[in-house]
Number of protein chains: 2
Amino acid sequence: MKRVRLVDVAEVAGVSTKTVSNVVHDYPHVAPELRLRVQAAIDKLGYRPNLTARRLVTGRTGMIALAIPEIDHPYFSELSRQIAEEAARRNYRVIIEQTLGKLDAEHAVLEDREAGLVDGIIFHPVSIGALSIAKLHHDTPLVLLGEGAMPATSDHVMIDNVAAAAEAVHFLLRQGRRRIAFLGVVEDDVTFSTDKRLLGYQQGLIEAGLDPDPALVLSVKDFSPEASGEAVRAALERGVSIDGIVCRDDKFAAGALRACAAAGISVPDGIAVLGWDDTAIGKYTTPSLTSVAPDKSALASTALELLTERIDGFRGVGRHRIVPHGLTIRQSTPSVSSGLAVPQGKPAVPSA
Amino acid sequence: MKRVRLVDVAEVAGVSTKTVSNVVHDYPHVAPELRLRVQAAIDKLGYRPNLTARRLVTGRTGMIALAIPEIDHPYFSELSRQIAEEAARRNYRVIIEQTLGKLDAEHAVLEDREAGLVDGIIFHPVSIGALSIAKLHHDTPLVLLGEGAMPATSDHVMIDNVAAAAEAVHFLLRQGRRRIAFLGVVEDDVTFSTDKRLLGYQQGLIEAGLDPDPALVLSVKDFSPEASGEAVRAALERGVSIDGIVCRDDKFAAGALRACAAAGISVPDGIAVLGWDDTAIGKYTTPSLTSVAPDKSALASTALELLTERIDGFRGVGRHRIVPHGLTIRQSTPSVSSGLAVPQGKPAVPSA
DNA sequence: GCCTCAAGATACAGCGCTGTAAACTCGTAT
DNA sequence: ATACGAGTTTACAGCGCTGTATCTTGAGGC
């Protein structure tokens, strides 16, 4: 069965193809009677426009690429959902490109690999540097996500990692914690997320008049929860005194919870643990996880706003947007009736 | 900056557009010297073929749609990853369509909404019935996933849910458990997954000469872990004796773990808990979760195999494929040195 | 030296649609 | 009665590419 085309409809309705096209697009200046006749023909034949053909002539594909390291990492799958929904709201389809953080895959994202396929790209880079991005990026509208490389030429959306980390520290300090560790610095880590969060952690301590203790910055072998748990175990074994841990992500926090349990230390009574990204992981750990919560919905809508502006012809220099973050409070930090959970007037994201 | 087209390259190289096209496609009968000249022009101009135009003429889009209920549900994000990778291997791109299990969204998936956009659809239906699928499905190649509606006319890939549930029961029985509950039947559930798993659960008990006790089939209000936990709590409060729980999914199992902990019951010593889908959730719960493990990789490759066969012209009736499953054994069931974990000679999927 | 034939290169149509500009149809103003 | 213009409808080109048919060329056979 061959696909029904515009001409087929036109023939049945006895009009020109353009009139059918006009009806399809709800062009206002079509006589009501004709519109009805054409619509009847469309329904009768079950006509559906061929989007590829439309795209060729309009130059718009109605699709955007979302390039992320891993589809099935909770943070990215949750973010993908927000982006997919926001995109759907704006009549865009999303095609997902998984880079696995590999350099060549990240290069491919920019090298017009999707030539003529997508109207724009939302890209969370990991390995690639700012210079390479600037150099490889052609003219497909691009919005960058995350704390990675950010050339001044491209649009960028992120949360204020430094402030968020400092707030997390303040949150624990307000509950009387004084020996707050940072988990963790990853060996051979090429990302900037950890740097920023570590910086904010130190800044938070200094703001409170405390002296950051290098022994409290825990180093982790790789990005697995096993490695982070091991780092906590080792620190405790070394006799490092700890009563709170700010983690660079929820996976690390999950590892920390395991290590504490194994060491017979109660969370949050003995050690308070604070995760990062507010992923679903935090709902399933025991105890459940308090976590820095990037406003993923704002992230998604801001990214799409910037991207669609570019698609619609905006040609200015790179814009950098900070979206809000909060703190989702669960059981891994002590509950307090006194102090507010979220400093600086930002609303806490409700726990799920 | 205008995009470089085939004609631009042809002009620079001093050849016809078709010759450039032939070079791009590695058509063998091109003189080496010419090939070099054309390639030089391509490189010099930075030419990238316009895929939309190519698609219009070839009729192939090189894209498939993956329609799933929720991108950020661990099972689906993990499955998506497998499918995306398998698709990439076969030079297809994946565009993800989120239905949220809603009927109208599921209808839209089939109604050639992607008309001319994708070469085929991989669809995990939830709400839509077999009849509607058969009726709405046009001629875009389609492969169905999951235990939902399955019209005989469409290809279908799934695991043997009944057998897997029976095996899960046998696994617990072999460890001496006798009061094994099923968690849970969801009120107003329109999916078939639960039915099959419940059936297998009962079958497993009967095969072992046990009489299924209706009191052990726990009913749950909705699909949240909170609701499943509540169901377990209520059962324990009613005084139902339980020493093992087979859950319809990992989320329910997570809820069950919480309820046991709250009731002061040790897992796995007091109650063994067995999840379903082997999602990442099971890595983060305490204790970690033993779970029925569909071979997601096989699921993905089988689905793509069937789909590409259809795309390549296969026109036969619907094929139904069963892919293997295993059991990922973690801490929520007792470790046994004696009995094999996985009955019927199927290999256990290694724990992550 | 001429014919044949295969390899190499090209011209051209057309995939299905939309934008542009031109054409046509009236009711109203002149 | 004629011109005008707002409102409708249409003809046609062309988006960038590839498939088909066709043409050109040069090597090899007689």
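Order of the sequence lines fixes the chain letters, A, B, ..., with proteins taken first and strands second; residue numbering starts at 1 for each chain.
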- To the nearest angstrom, how far is A/R35 atom CZ from D/dT8 atom P? 10 Å
- Of the listed C/dC17, C/dT10, D/dG16, the closest approach to the B/L56 side chain comes from D/dG16
- Cation over ring face, B/R60 and B/Y92, 6.0 Å, 45°: no
- Note on the structure: Winner on side-chain proximity to A/S16, out of D/dT10, C/dT18, D/dT9, is D/dT10
- Task: Grab the CZ-P distance between A/R48 and C/dG16 for me, whole Å please.
- Result: 17 Å
- Message: Tell me whether the NZ or CZ atom of B/R35 lies within the 45° cone about the ring axis of B/Y27 and under 6.0 Å from its centre.
- Response: no
- Nearest-nucleotide pick for B/H29, side chain only, options being C/dG8, D/dC17, D/dT8: C/dG8
- Query: Are OP1 or OP2 of D/dT10 and a side-chain N or O of A/T19 less than 4.0 angstrom apart?
  - Reply: yes
- With a non-hydrogen cut-off below 4.0 angstrom, is B/Y27 in contact with a base, only sugar-phosphate, or nothing? nothing
- Note on the structure: Assert: residue with more 5' nearest nucleotide on DNA chain C, out of B/N22 and B/A53, is B/N22
- Note on the structure: Of D/dT20, C/dG16, D/dC17, the nucleotide closest to the side chain of A/V57 is C/dG16
- Task: Would you kindly say whether A/S80 and A/S77 are connected by a side-chain donor-acceptor distance under 3.5 Å?
- Result: no
- Query: When the nearest nucleotide of DNA chain C is assigned to A/T17 and to B/V30 on a heavy-atom basis, which residue is associated with the more 5' position?
  - Reply: B/V30
